[in-house]
Amino acid sequence: MRIVVQDAPFDFGAEAAAFAADRRDMGAIVTFTGVVRDSDAGDLQAMEIEHYPGMTEAALADIATQARTRWSLGDVLVIHRFGRMTPGEPIMMVATAAPHRKDAFEAAEFLMDYLKSRAPFWKKEHRAGQADWVAAKDEDEDALTRW
Amino acid sequence: MDVLYFAWVRERIGLPKERIETQAETVADLVAELCAREDRYAAAFADLSALRVAVDQKLTGFDAPLEGAREVAFFPPMTGG
């Protein structure tokens, strides 16, 4: 299990390849990458992510550990950035390795649902002349009830 | 104890962290103490349903006890991912 919280960009391809390397007993590798999406108006200048150092790493490790107890997984990777990034840049990724794909897919979805509303990150959108904190969505909270 | 603020809570109160000497027994008692200090705290804590709290870096509720706590953090609902 590897949990990384960093401000630097990461190379999704290299991370996915390293995660998948030499796993003779894992039949399924699932990866997900979250990318900064421009606004519909195309005026998003930057996304700024604040986090709670210390609690962030502990919360991500706790979520990943929960996933490992619920599904048959060989390994879990979570990378999440903080700081300022621009549209098109990767924000975060998760990867799961499992003997079978159902476990890998479900665990990846579980990780995504939980880290959206249980890991201490806050997004702020910068547009020309204004900056707004992104409000949490009810559906993100509702998504947890299915687990 | 150390009291930390994040995102718009930090902006509204005007600082990320402060050391507070308190006898508050619960998080709610601490919030009441802070609100009585200055308007900026009352403004930040006006709607507790819009806030989350962590004691010693674990998410908890406003009725959580503070005995032995070293760090309390207030912040809006999280928006990771």
Side-chain angles (χ1 to χ4, degrees), chain A residues 3 5 32-37 47-64 66 78-82 90-94 108-125 130-144, chain B residues 1-20 24 26-28 30-31 34 39-81:
Chain A
I3 307 290
V5 181
F32 171 86
T33 309
V35 176
V36 179
R37 181 169 54 87
M47 176 82 85
E48 190 183 340
I49 299 182
E50 181 171 330
H51 80 119
Y52 183 170
M55 180 175 165
T56 307
E57 292 80 355
L60 293 176
D62 180 55
I63 293 165
Q66 283 185 53
V78 179
I79 302 176
H80 204 303
R81 293 176 65 194
F82 61 89
I91 301 174
M92 52 80 59
M93 72 174 283
V94 300
E109 280 211 84
F110 170 89
L111 289 167
M112 287 309 307
D113 282 348
Y114 268 83
L115 71 82
K116 255 197 150 14
S117 48
R118 291 293 184 274
F121 291 100
W122 300 276
K123 293 194 182 103
K124 191 178 202 179
E125 294 176 340
Q130 70 177 78
D132 301 297
W133 291 101
V134 174
K137 296 189 188 79
D138 288 342
E139 66 228 48
D140 290 340
E141 192 65 32
D142 294 345
L144 302 187
Chain B
M1 68 181 71
D2 290 323
V3 182
L4 286 72
Y5 311 106
F6 291 95
W8 61 255
V9 184
R10 169 179 55 73
E11 292 178 341
R12 216 164 282 184
I13 290 172
L15 75 178
K17 182 177 180 175
E18 60 187 321
R19 182 127 193 109
I20 289 179
T26 66
V27 173
L30 173 63
V31 168
L34 292 169
D39 287 347
R40 59 196 168 108
Y41 291 95
F45 291 110
D47 178 8
L48 291 188
S49 72
L51 291 179
R52 300 292 179 267
V53 59
V55 174
D56 289 335
Q57 305 194 351
K58 283 206 174 316
L59 271 181
T60 186
F62 284 85
D63 55 351
L66 289 180
E67 191 180 353
R70 295 184 310 276
E71 187 172 298
V72 178
F74 296 101
F75 41 80
M78 295 154 273
T79 51

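Fair warning: this is a prediction, and the values are worked out from it, not measured in the lab. No hydrogens, no waters, no symmetry mates; every other heavy atom, side chains included, goes into these values.
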Which portion of A:K123 sits near chain B, non-hydrogen atoms under 4.5 angstrom: both
Leading residue by heavy atom contact count with chain B [cutoff under 4.5 Å; candidates A:M93, A:R118, A:E48, A:M112]: A:R118
Pairs of heavy atoms under 4.5 Å with chain B: top-ranked of A:E141, A:K137, A:K116: A:K116
Interface residues of residues 50-60 of chain A facing chain B - heavy atom cut-off under 4.5 Å: A:E50, A:H51, A:Y52, A:P53, A:G54, A:M55
B:E67 atom CD, neighbour heavy-atom count above 12 within 6.0 Å: no
Pairs where residues 50-60 of chain B contributes a residue and the test side-chain hydrogen bond (donor to acceptor under 3.5 Å, both in side chains) is met, not counting sequence neighbours: B:Q57-B:E71
Chain B contact via A:R81 - side chain, backbone, both or neither, heavy atoms under 4.5 Å: neither
Winner by heavy-atom pair count (cut-off under 4.5 Å) against chain B, out of A:F32, A:W133, A:F82: A:W133
Between OG1 on residue B:T79 and CD on residue A:E125, distance to nearest 0.5 Å: 9.5 Å
Chain A-proximal positions within residues 6-14 of chain B [heavy-atom distance under 4.5 Å]: B:F6, B:A7, B:W8, B:R10, B:E11
N/O donor-acceptor pair under 3.5 Å between A:H80 side chain and B:G81 backbone: yes
By ring pair (Phe, Tyr, Trp, His ring centres under 6.0 Å) - contacts of A:F110 (at least two apart): A:W71, A:Y114, A:W147
Neighbour count above 12 (heavy atom, 6.0 Å) for A:R37 CZ: no
Atom group of A:L115 that falls short of 4.5 Å from chain B, counting heavy atoms: both
When B:A73, B:P76, B:A50, B:P16 are compared by non-hydrogen pairs under 4.5 Å with chain A, the top option: B:P76
Heavy atoms of other groups near B:D47 CG, more than 12 under 6.0 Å: yes
